[in-house]
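Written out below as structure tokens is the structure these notes cover.
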Amino acid sequence: MLDLVGNTPMVKIEDPGINLYAKLEGYNLSGSVKDRAANYIIDNLLMNRVINKDTTIIESSSGNFGIALATYCNRKGLRFICVIDINIQKENECILHHLGAEIVKIDIPDENGGYLMNRLKKVSELKKRIENSYWINQYENVLNWESYYNTLGLEICNQITNIDYIFLGVSSGGTITGVSRRVKEHNPKCKVIAVDTEGSVIFGSPPKTRHISGIGSSIIPINLKSAKIDEIMIVNEEDTINMCRYLLRKYGLLIGGSSGAVYTAVRKYFDIHKTVQNPNVVVVFADRGDRYLNTVYNDEWVQKIRTENSKKIQNNGGSNE
Ligand SMILES: Cc1ncc(COP(=O)(O)O)c(C=O)c1O
């Protein structure tokens, strides 16, 4: 069963001017790229006796990482406490519940108006209170990016020789750090393009409410210091939603929000940078679209977001958006 982590398909997407290959990470057991980190980190900690069968694993995550950790903790018989907040997608909470995760839900906003600080406060409280507990801390844990270096990065290099460009979405920074290091070892000239979303502070943009989960962050991940990034592209939510829908209609690829952002970045990048020879371009599509049926693929939700975003533009005189 656990062999269902990794060895995901790489598909060619027809595209004029570039050879575009997409690594479909939604084919992992729990449905996203995060299976790699969760499986690797838990195995590594058990093997090195940092944790044992009685350890309680704790993490703050409302999305794919929580679901992946719940999957692998469950299979290893480990207790898992997932700290979430009231903004969690209903389907994610439902999956976490059925996987047997213990859920602690934060409903009081912090001084920034978000929930992350209070989620992290709760994590430290739980860590202090529960004997033999371990906080995964995906933003700082080196095992996070090491997992991608040893699995996803290696697989990509074995599947495509001569990679000219690779585009990766960023949240905790684990994927891009691990993959960029491995890909540059095999293809020193390859350009690594980090893709982030408007409102995320990772690359120094001003904070703003974000509506699409999986990509972006309201803190700067420590792990990113070890990444090898050549260029950064910030994508807006409107383009992200449109590209998700385009990929479904045109190619039958039902992919998650961050994949729409990554594809938007590719299209914009090669609109500006005209290439003579067809370069080999790799994208990582981090998850499937099933968990976004009530958001990115829901017309009412999209209309609500559009109205919200346009009101903000009017209020700010367009300066911030
Ligand atoms: C859908 C999706 N895309 C991209 C990412 C980015 O991965 P990372 O946290 O390794 O930066 C994540 C992480 O949760 C994700 O869930």
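FYI, side chains are in, hydrogens and waters are out, and symmetry mates aren't considered; it's all heavy atoms of this structure. Start at 1 and go down the list; that is how both ligands and their atoms are numbered.
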(message) If we only consider heavy atoms of V170, is any one of them less than 4.0 Å away from an atom in ligand 1?
(response) yes

(message) Please tell me whether F167 and Y269 form a close aromatic pair, meaning their ring centres lie under 6.0 Å apart.
(response) yes

(request) Let me know which of V195, V192, V262, V183 forms a side chain to side chain contact (heavy atoms under 4.5 Å, CB included) with L168. (result) V192

(message) Would you say I232 ends up clustered with V282 if hydrophobic residues are merged whenever their side chains have heavy atoms under 4.5 Å apart, either directly or through other cluster members?
(response) yes

(message) For the NZ atom on K184, are there more than 12 heavy atoms of other groups (residues, nucleotides or ligands in this structure) within a distance under 6.0 Å?
(response) yes

(request) With rounding to the nearest 0.5 Å, note down the distance linking CG in N87 to CG in N92. (result) 12.0 Å

(request) Output the list of atoms in ligand 1 that are nearer than 4.0 Å to some heavy atom of N64, sorted by atom number. (result) 1 (C), 15 (C), 16 (O)

(request) With I212 as reference, evaluate T197, V235, T240, I305 under the side chain to side chain contact (heavy atoms under 4.5 Å, CB included) test and give the passing residue. (result) T240

(message) Would K34 and F65 count as a cation-pi pair here, with the cationic atom under 6.0 angstrom from the ring centre and within 45° of the axis?
(response) yes

(message) So if I count the atoms of ligand 1 from 1 in the order they appear, which ones are less than 4.0 Å from some heavy atom of S258?
(response) 1 (C), 2 (C), 3 (N), 4 (C)

(request) Identify, by atom number and element, the atoms of ligand 1 in contact range of K34, meaning under 4.0 Å from any of its heavy atoms. (result) 8 (P), 9 (O), 10 (O), 13 (C), 14 (O)

(request) For the pair R79 and D54, find out whether any cationic side-chain nitrogen is under 4.0 Å from an anionic carboxylate oxygen. (result) no

(message) With nothing but distance in play, are any N or O atoms of G173 less than 3.5 Å from an N or O of ligand 1?
(response) yes

(request) Work out whether the distance between some heavy atom of S32 and some atom of ligand 1 is less than 4.0 Å. (result) no

(request) Around atom 10 (O) of ligand 1, find the nearest protein heavy atom and jot down its residue, atom name and distance. (result) T175 OG1, 2.6 Å

(request) Under 4.0 Å from a heavy atom of D287: give me the atoms of ligand 1 that qualify, with their elements. (result) 1 (C)

(request) Around atom 5 (C) of ligand 1, find the nearest protein heavy atom and jot down its residue, atom name and distance. (result) G214 O, 3.2 Å

(message) In this structure, does ligand 1 have an atom that sits under 4.0 Å from one of the heavy atoms of Y292?
(response) yes

(message) When you compare ligand 1 with N144, is there at least one nitrogen or oxygen pair between them that comes in under 3.5 angstrom?
(response) no

(request) Under 4.0 Å from a heavy atom of A286: give me the atoms of ligand 1 that qualify, with their elements. (result) 1 (C), 2 (C), 3 (N), 4 (C)

